Amino acid sequence: MSTLKPLKIDIVSDVVCPWCYIGKRRIENALALVPDVPVEVRWRPFFLNSWVPREGISRDEYLTAKFGSVEAYKGIAGRVVAAAGEEGLTYRPELVKRQPNTIDCHRLIHWAEAQGKSAEMKQRLMELYFRDGGDLTDVNVLVQAAADVGLDADDVRRRLATDEDVALISGQAQEASDKGISGVPTFIFAQKYAVSGAQPAEQLARAIRQVSGEINAQAAE
């Protein structure tokens, strides 16, 4: 029996994007629906708010800049909070006090990938931000998050203090923008089919099965 070629899935997203938080759970649920399809998932960086400075800004300042006022966001937030809840996730927008620039978060995810822990790292950062109102601009919070998923805290602290992989992550995020990705999450299957938005798990599962079938049929020809 021939073994199936794994389907490469690149997920372009940001840790402070609520639909990316929801989309991560949905793609995991989608993969559970197609256990027979081998996949290789890679988490790719995106800067939802590239204008936020490295040290971050207050959440109120951010919401005012992005939505016109703090109040304006409340209406939008309700829908997202409900959608997160339907996936068994918790989003408490009122706990978020600081809006981070996410380059350091993406560096952590990239470093965790070397140990096969990028998904866990991503999940931990998102939970801290959306569920716990964690300050992702605080290096101690980032180091603890890395330690939580099994990375070496001292090593991470040392690396965060340098510019290691800043250019790499910025380049990858720029590449996504150059390819026309503006809405995240975007799921890229086999490096050629892109699905944008936090689609339902069933829909993502259908796409996974379809593209996997296609690449394996081509490989068999």
Side-chain angles (χ1 to χ4, degrees), residues 7-32 39-50 52 56 80 83-84 87-93 95-96 98-153 155-156 159-160 164-166 168-173 175-176 181 183-189 194-199 201 204 208:
L7 170 64
K8 286 190 166 65
I9 305 176
D10 289 295
I11 303 172
V12 181
S13 65
D14 199 359
V15 295
V16 293
C17 152
W19 288 108
C20 297
Y21 181 46
I22 293 163
K24 180 176 185 293
R25 177 59 57 87
R26 288 182 179 170
I27 190 81
E28 287 164 351
N29 290 339
L31 292 171
V39 298
E40 285 172 12
V41 176
R42 290 183 304 184
W43 297 94
R44 295 293 183 216
F46 188 85
F47 301 136
L48 193 63
N49 312 295
S50 55
V52 171
V80 188
E87 301 297 335
L89 298 167
T90 305
Y91 177 23
R92 298 192 182 98
L95 293 184
V96 182
R98 198 150 178 80
Q99 192 69 29
N101 171 303
T102 53
I103 193 156
D104 287 339
C105 294
H106 290 300
R107 288 204 289 165
L108 289 182
I109 293 160
H110 176 67
W111 298 337
E113 189 176 22
Q115 295 181 30
K117 292 186 170 174
S118 51
E120 289 95 323
M121 188 73 254
K122 178 116 184 164
Q123 187 66 29
R124 186 72 193 107
L125 292 166
M126 286 176 151
E127 280 172 358
L128 277 168
Y129 180 76
F130 291 107
R131 186 190 68 193
D132 307 335
D135 180 1
L136 299 183
T137 65
D138 182 339
V139 73
N140 294 320
V141 171
L142 296 178
V143 169
Q144 183 58 53
D148 290 343
V149 301
L151 272 62
D152 182 301
D155 181 53
V156 167
R159 293 167 85 180
L160 282 173
E164 184 184 343
D165 293 327
V166 166
L168 175 84
I169 299 294
S170 301
Q172 288 180 347
E175 190 187 338
I181 293 172
V184 285
T186 293
F187 305 96
I188 303 166
F189 301 110
V195 174
S196 186
Q199 305 297 335
L204 290 169
I208 290 165

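Bear in mind the structure is a predicted one, so any value in this text is a computation, not a measurement.
With hydrogens and angles ignored, the 3.5 Å screen pairs a side-chain donor or acceptor of Asp138 with a backbone N or O of Asn140. The backbone N or O of Leu48 lies less than 3.5 Å from a partner atom in the side chain of Asp14, making a donor-acceptor pair. With Arg25 contributing its side chain and Leu89 its backbone, the two residues share no donor-acceptor pair below 3.5 Å. With hydrogens and angles ignored, the 3.5 Å screen pairs no side-chain donor or acceptor of Arg92 with any backbone N or O of Gly133.
The distance from atom OH of Tyr21 to atom NZ of Lys122, rounded to the nearest 0.5 Å, is 13.0 Å. For the atom pair SG of Cys105 and CE of Met126, the computed distance is 10.0 Å after rounding to the nearest 0.5 Å. Taking CG of Leu168 as the reference point, atom NE2 of His106 lies at 12.0 Å (rounded to 0.5 Å). Atom CD1 in Ile188 sits 6.5 Å away from atom OG1 in Thr186 (nearest 0.5 Å). To the nearest 0.5 angstrom, Arg26 atom CZ is 14.5 Å from Leu31 atom CG. Rounded to the nearest 0.5 angstrom, Leu142 CG and Asp104 CG are separated by 6.0 Å.
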Candidate pair Val139 and Val143, rule side-chain contact (heavy atoms from CB on, under 4.5 Å), full reasoning:
CA-CA 6 Å; Val139 73; Val143 169; 4.2 Å; yes
Show your reasoning for whether side-chain contact (heavy atoms from CB on, under 4.5 Å) applies to Val16 and Val52.
CA-CA 12 Å; Val16 293; Val52 171; over 6 Å; no
Where do Thr137 and Asn101 land on the side-chain contact (heavy atoms from CB on, under 4.5 Å) test, with the steps shown first?
CA-CA 7 Å; Thr137 65; Asn101 171 303; over 6 Å; no
Hey, mind stepping through Val15 and Leu128 against side-chain contact (heavy atoms from CB on, under 4.5 Å) and telling me if it holds?
CA-CA 10 Å; Val15 295; Leu128 277 168; over 6 Å; no
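Across Arg124, Met121, Gln123, a single residue satisfies side-chain contact (heavy atoms from CB on, under 4.5 Å) together with Ile109, and that is Met121. For the pairing with Val12, the side-chain contact (heavy atoms from CB on, under 4.5 Å) check across Phe46, Phe187, Trp43 returns one residue only, Phe46.
In this model, a donor atom of one side chain and an acceptor atom of the other lie less than 3.5 Å apart for Asp148 and Gln144.
Ring planes of Phe130 and Tyr91: perpendicular class, angle over 60° (limits at 30 and 60°).
Salt bridge absent: Glu164 and Arg107 never bring a charged side-chain N and a carboxylate O closer than 4.0 Å.
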Could you give the side-chain donor-acceptor pairs of residues 110-118 under 3.5 Å, partners two or more places apart or in another chain?
{"residue": "Trp111", "atom": "NE1", "partner": "Asp165", "partner atom": "OD2", "Å": "2.7"}
{"residue": "Lys117", "atom": "NZ", "partner": "Val149", "partner atom": "O", "Å": "3.1"}

